Amino acid sequence: MQGASSVLMEVKQDIAQRITKAVEKAQEKGELPQDLSMEVKIEIPSRSEQGDFATGAPMAMARQVKSNGRTVAGIIVKHLDIDDSPVLRVDIAGPGFLNFFLDRSWLERAMARIWSEGPSYGRSDYCRGRKVLLEFVSANPTGPMNVVNARAAAVGDCLASLLEMSGCQVSREFYVNDAGNQTDILADSLEVRYMQALGQDAQMPENGYQGDYIKDLANDLVQEKGSSLCDLPHPQRHDAIKEYALERMIAWQKRTLLDYGLEFDTWFSEKSLRDSGAHNHIIEVLKAKGLTYEKDGALWFKSTEFGDDKDRVLVKSDQQGSATYIVPDLAYHKNKLERGFDHLIDILGPDHHGYINRLSAGLMGLGYPKECLEILIVQTVRLVKGKELVKMSKRGGEFITMDELLEDVGKDAARFFFLMRSPESHLDFDIDLARLQSNENPVYYVQYAHARIASIFRQANQEGFNVAAGPSEVQFNLLKDPSELSLMKMLAAFPEEVHEVSKAREPNRIIKYMMDVASVFHTFYTKCRVLGEDRQVSEARLYLARLAQIVIANALRAIGVSAPESM
RNA sequence: GCGCCUGUAGCUCAGGGGAUAGAGCACCUGCCUUCUAAGCAGGGAGUCGCAGGUUCGAUUCCUGCCAGGCGCGCCA
């Protein structure tokens, strides 16, 4: 069965199949019409009196049959075969819900699965065999990384982890913009600061980068090379300075991301692609396919033929006949596909949404299917200080860098904070609030649950409990408090949760899940003392606590946040 | 003008064609001689931006409007 890799999924599929069979029986007897399209979605109701599982399928069918939900539900229940299944009872409720009440055998199996899978619990094989290239951050190497980069880094890394857990083979890639205009401006800016550091007269160009980091680079450059670069003729000096600047800036980016707990699989150089002649190839292919034309001295791509709202220039009408950015970007994405990835995901900033159509038009022009590229837009981060908006501009100099953010709030809080919000919603980041490093931060709520469990085990060890009692030794039926049942159900949902969140590309939902797990654990902790008089009960609860710890640890690992043993 | 995103509790935000709309923070009341009180239990707090439409049922889907943010280059 496809993707049925958790006990919860198996149980849901079993119930769905039994409903489908019941409907078929009803159809044979003419109680329901033949042409009935249905999708039986099994849900977990929020209220326990609504059963362990529920579905609204009868109501959806009632619409097609022009009957009402309760009637259809009644027909289904009449034909429903629940023998040889954990289903004890089925209720018809409300306007036509089916509520299923199950015995605990499935929970016992689900818990045993967590125990045996341990650190890999949460994995499924839903997208086994898919090779995904996830490109994100890809910040220009012309300045320090900012909080938007930090947001994209959190979202991309988490999404990559979740996709991996769902069975995809994922490659995290950073596209290095080490060619093009902005690298020349970077070199010019550094050159000016370099000359100035040597006491020479030099004027910063108007579009130059003003930040102090350029001055720091200049001082280092003087340390390393003295004034030797001044003796070079201008073009060579420019190139040498550019190379130095890029190397240093990229090393800086890597360091910052490493502090964030993020390591990319590949750093793909734009320049290497440019040097390989891949650009000309793009232009040739599009030309050969008759998808280009000349106008106003420029070469245009008929991107409107593929859904873009206007045609795009490929080769400018300037003296050098230089290519626009579309060409290298197409070459880059073509290269990705040629490397054997069957699906590409780009995470981009909101200023790029107009870019989606032209890029996918280009890829279609090159003969690739539209679906091979998926672009996720991560919305803006606005920095606020109390009520005041902090302007961010690379040239102006005043912005909060990713480094500063990490120093102020730490990677755990930063990542958690960015992931809490849905990626496409705007985010106001209150620096003053974040700097408080207060215990009010929701990240502590989840981490605290993990630390509490670790503490129980330290204590249990000291008191000589069997802390390694697994499913075969534990008396499972001693776990019967409502808080224990809620916790077990929550833990059983983890693999499916991971898969759904990764499929929807909404990492924020895993945060919600973690908060819920932490919440039911804290309730359990308060209501049910783990280490008590009754050894059997204690060991059963230790077992459950261990399972909760596994899930919390696995989830924290997926979002790149540490799981502390104590706090 | 066109395009994208957003509008839900005092604040920051989840959710989502159905059964009583949620969380964190803030506020109020209880709970530590026992595994970590960064916790638990309870309480107050909402015309789900406005108006139409589809539906047995809309806060959720569709259309229009209002408000806020962002983008619309032969820059990348």
Side-chain angles (χ1 to χ4, degrees), chain A residues 45-47 49-50 54 56 59-60 62-63 66-69 93-97 99 138 140 142 175 177 179-183 185 207 270 295-300 309-310 312-318 321-326 328-329 349-357 377-380 382 384 389 417 420-430 433 438-449 451-460 462-463 465 483 506 508-509 511-512 515-516 518-519 521-533 538 541-542 545 566-567:
Chain A
S46 46
R47 269 169 270 276
E49 66 268 23
Q50 293 168 356
M59 292 179 287
R63 188 180 320 171
K66 298 214 161 54
S67 172
N68 72 67
F97 287 99
N99 292 340
S138 298
N140 266 325
T142 51
Y175 184 49
N177 299 113
N181 274 344
Q182 77 284 352
T183 59
I185 298 170
N207 58 0
E270 177 184 356
K295 193 181 97 185
D296 305 331
L299 185 72
W300 295 70
D309 40 339
K310 53 184 163 182
R312 306 289 167 180
V313 171
L314 292 175
V315 180
K316 301 181 207 169
S317 60
D318 62 7
S322 46
T324 63
Y325 65 92
I326 300 171
D329 283 349
D351 47 333
H352 283 76
H353 82 262
Y355 168 98
I356 299 174
N357 281 341
I377 299 290
V378 172
Q379 282 293 340
T380 349
R382 290 197 312 166
V384 218
L389 195 67
F417 193 85
M420 272 169 59
R421 269 73 178 181
S422 105
E424 76 258 21
S425 66
H426 302 276
L427 168 57
D428 281 350
F429 198 105
D430 190 327
L433 194 73
S438 74
N439 301 342
E440 293 146 18
N441 195 314
V443 69
Y444 295 106
Y445 186 76
V446 177
Q447 290 181 316
Y448 185 57
R452 265 185 154 176
I453 297 169
S455 172
I456 294 172
F457 276 95
R458 279 192 296 272
Q459 187 74 25
Q462 271 183 14
E463 295 180 14
F465 284 96
S483 67
E506 289 170 347
N508 51 299
R509 279 167 48 186
I511 300 288
K512 164 95 165 83
M515 298 286 284
D516 288 345
S519 170
F521 173 77
H522 285 310
T523 301
F524 158 74
Y525 180 93
T526 308
K527 274 188 76 184
C528 302
R529 196 185 158 77
V530 176
L531 307 177
E533 304 290 307
S538 296
R541 288 180 176 165
L542 275 170
S566 66
M567 287 172 72

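Note that the coordinates shown come from a computational prediction; the quantities given were computed from them, not determined experimentally. Just so it is clear: chains get the letters A, B, ... in the order the sequence lines come, proteins before strands, and each one is counted from 1.
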All N/O contacts under 3.5 Å from nucleotides 18-23 of chain B to the protein, with atom names and distances to one decimal?
from  : atom 1 : to      : atom 2 : distance (Å)
B/A19 : N1     : A/Asn99 : OD1    : 3.2
B/A19 : N1     : A/Asn99 : ND2    : 3.4
B/U20 : O4     : A/Glu49 : OE2    : 3.3

[X]: side-chain hydrogen bond (donor to acceptor under 3.5 Å, both in side chains) partners, not counting sequence neighbours:
X        : answer
A/Glu424 : none
A/Asn99  : none
A/Lys512 : A/Asp516
A/Asn68  : A/Thr71

With sequence neighbours left out, write down each residue that passes ring pair (Phe, Tyr, Trp, His ring centres under 6.0 Å) with [X], or none if nothing qualifies.
X        : answer
A/Tyr175 : A/Tyr332
A/His352 : A/Tyr355
A/Tyr445 : A/His522

Write down the atom of A/Pro350, the atom of A/Gln379, and the distance for their closest heavy-atom approach. CB-OE1, 3.4 Å
5'-most by nearest nucleotide on RNA chain B - A/Thr523 or A/Ala451: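 It is A/Ala451 whose nearest nucleotide is closer to the 5' end.
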Before you tell me yes or no, could you show the steps for A/Phe524 and A/Val530 under side chain to side chain contact (heavy atoms under 4.5 Å, CB included), namely the whole-Å CA-CA distance, both residues' side-chain angles and the distance that decides it to 0.1 Å? CA-CA 9 Å; A/Phe524 158 74; A/Val530 176; 4.1 Å; yes
Please write out each protein N/O paired with an N/O of nucleotides 43-46 of chain B under 3.5 Å, distance rounded to 0.1 Å.
none

What N/O pairs connect the protein and nucleotides 2-5 of chain B at under 3.5 Å? Give each pair on its own line.
from : atom 1 : to       : atom 2 : distance (Å)
B/G3 : N2     : A/His353 : NE2    : 3.4
B/G3 : N3     : A/His353 : NE2    : 3.3
B/C5 : O4'    : A/Gln379 : NE2    : 3.4
B/C5 : O2'    : A/Glu424 : O      : 2.5
B/C5 : O2     : A/His426 : NE2    : 2.8

From C-beta outward on A/Arg529, which listed nucleotide comes closest to its side chain: B/G24, B/U34, B/A37?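 When the side chain of A/Arg529 is considered, B/U34 is the closest of B/G24, B/U34, B/A37.
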At 4.0 Å (heavy atoms only), tell me whether A/Ser422 reaches a base, stays on the sugar-phosphate, or touches nothing. sugar-phosphate
Which part of the nucleic acid, if any, lies within reach of A/Asn68 when heavy atoms closer than 4.0 Å are counted: base, sugar-phosphate only, or nothing?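 Since no nucleic acid heavy atom lies under 4.0 Å of A/Asn68, the category is nothing.
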Apply salt bridge (Lys or Arg N to Asp or Glu O under 4.0 Å) to A/Lys527 and list each qualifying residue two or more places apart in sequence or on a separate chain. A/Asp481
Secondary structure string for RNA chain B (Watson-Crick or G-U under 3.5 angstrom, | for other-strand pairs): (((((((..((((....[...)))).(((((.......))))).....(((((..]....))))))))))))....
